[in-house]
Amino acid sequence: MDGLTQFEFKLYGRIPRRQYRGEPTKYEFDLNLGVIHFTEEDFRRLSVFFEETNRRWGTAMTFCVYPAKESNREMILNVRGSRLAPSELD
């Protein structure tokens, strides 16, 4: 999570870390990025960030982005470190 707080988004720079849906678990965590527009470069750089982190730590973390339920404008970055992470489909 600390590495993500240093991540520089193309249009917004660094975004303060705000947890979403509770505290991180050993399987996953969600960060509320607020109202943000992602660029193609942002997604490329996030992919590189996770590829490098996975190589360094020997992990298989993945990420996805989805809108917050409470506000269709705030975007959430979900980071999954395990296939055992719970899945919500609603």
Side-chain angles (χ1 to χ4, degrees):
M1 276 193 334
D2 292 334
L4 288 172
T5 60
Q6 304 300 317
F7 188 85
E8 296 272 344
F9 288 89
K10 182 176 181 177
L11 301 176
Y12 303 93
R14 291 183 184 167
I15 296 176
R17 180 174 57 189
R18 294 187 316 171
Q19 293 300 124
Y20 180 73
R21 294 187 327 148
E23 292 298 311
T25 69
K26 65 180 181 177
Y27 300 118
E28 74 170 340
F29 61 89
D30 293 305
L31 296 178
N32 185 332
L33 301 177
V35 178
I36 183 174
H37 295 85
F38 286 92
T39 65
E40 182 178 355
E41 181 181 325
D42 290 330
F43 284 115
R44 252 193 320 256
R45 291 182 56 242
L46 278 168
S47 291
V48 167
F49 171 83
F50 282 100
E51 286 171 8
E52 290 173 353
T53 301
N54 286 331
R55 187 172 38 256
R56 194 169 46 246
W57 293 356
T59 56
M61 291 189 296
T62 60
F63 74 94
C64 71
V65 177
Y66 66 94
K69 290 180 185 179
E70 301 81 13
S71 169
N72 64 355
R73 296 204 42 160
E74 290 186 344
M75 298 304 291
I76 308 302
L77 176 67
N78 172 259
V79 178
R80 298 172 68 85
S82 169
R83 293 182 209 176
L84 300 175
S87 178
E88 294 181 23
L89 300 173
D90 59 352

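Only a predicted model underlies this, so the values are computations on that prediction, with no experimental measurement involved.
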Within a strict 4.5 Å, meaning less than it, do heavy atoms of the [X] and [Y] side chains meet?
X: M61; Y: V79; answer: yes
X: E74; Y: P67; answer: no
X: F29; Y: L4; answer: yes

Taking every non-hydrogen atom, the tightest pair across [X] and [Y]:
X: Y20; Y: K69; value: OH-N, 3.4 Å
X: A60; Y: N54; value: N-OD1, 3.5 Å
X: T53; Y: T59; value: O-OG1, 4.1 Å
X: K10; Y: D42; value: N-OD1, 2.8 Å
X: L46; Y: F38; value: CD1-CE2, 4.4 Å

Taking a hydrophobic cluster as the set of Ile, Leu, Val, Met, Phe, Trp and Tyr residues connected by side-chain heavy atoms closer than 4.5 Å, whether directly or through intermediates, do [X] and [Y] fall within one such cluster?
X: I15; Y: L31; result: yes
X: W57; Y: F50; result: yes
X: L11; Y: L33; result: yes
X: Y66; Y: Y27; result: no

Query raised in the report: Between the main-chain N or O of E8 and the side-chain N or O of R45, is there a donor-acceptor pair closer than 3.5 Å?
Result: yes

Query raised in the report: Any salt bridge between E52 and R56, counting N to O under 4.0 Å?
Result: no

Any chance you could measure [X], atom [atom1], to [Y], atom [atom2], to the nearest 0.5 Å?
X: I76; Y: R18; atom1: CD1; atom2: CZ; value: 7.5 Å
X: Y12; Y: F7; atom1: OH; atom2: CZ; value: 13.5 Å
X: E28; Y: T62; atom1: CD; atom2: OG1; value: 9.5 Å

